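Below is one structure; the comments refer to it alone.
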Amino acid sequence: MRLQYLRRYGEVAALAGLPVQAGRWDPEEPMVAVTLARLKLFELPRFRLLLP
């Protein structure tokens, strides 16, 4: 599998240099989406099933 940057939505200061759209793609091809988020400490219990 080859991952290629195609598009971004929103703003992340560390990734500000990335263009909004970097290429074209076939909507029929499989894709991977990566989400960046900040977790607030009081929200941690929601994810307790993911922790060992």
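Here the structure is a predicted model, which means the values were calculated and not measured.
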- Query: For Gly10, does its backbone N or O pair with a side-chain atom of Arg8 as donor and acceptor, under 3.5 Å?
  - Reply: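 Present.
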Distance from [X] atom [atom1] to [Y] atom [atom2], nearest 0.5 Å?
X: Arg7; Y: Met31; atom1: CZ; atom2: CE; answer: 10.0 Å
X: Tyr5; Y: Leu15; atom1: OH; atom2: CG; answer: 8.0 Å
X: Leu18; Y: Glu11; atom1: CG; atom2: CD; answer: 10.0 Å

- Go through the structure and list residues passing side-chain contact (heavy atoms from CB on, under 4.5 Å) with Gln4, not counting sequence neighbours.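 If we apply the side-chain contact (heavy atoms from CB on, under 4.5 Å) test to Gln4, skipping adjacent residues, the hits are Arg2, Leu6.
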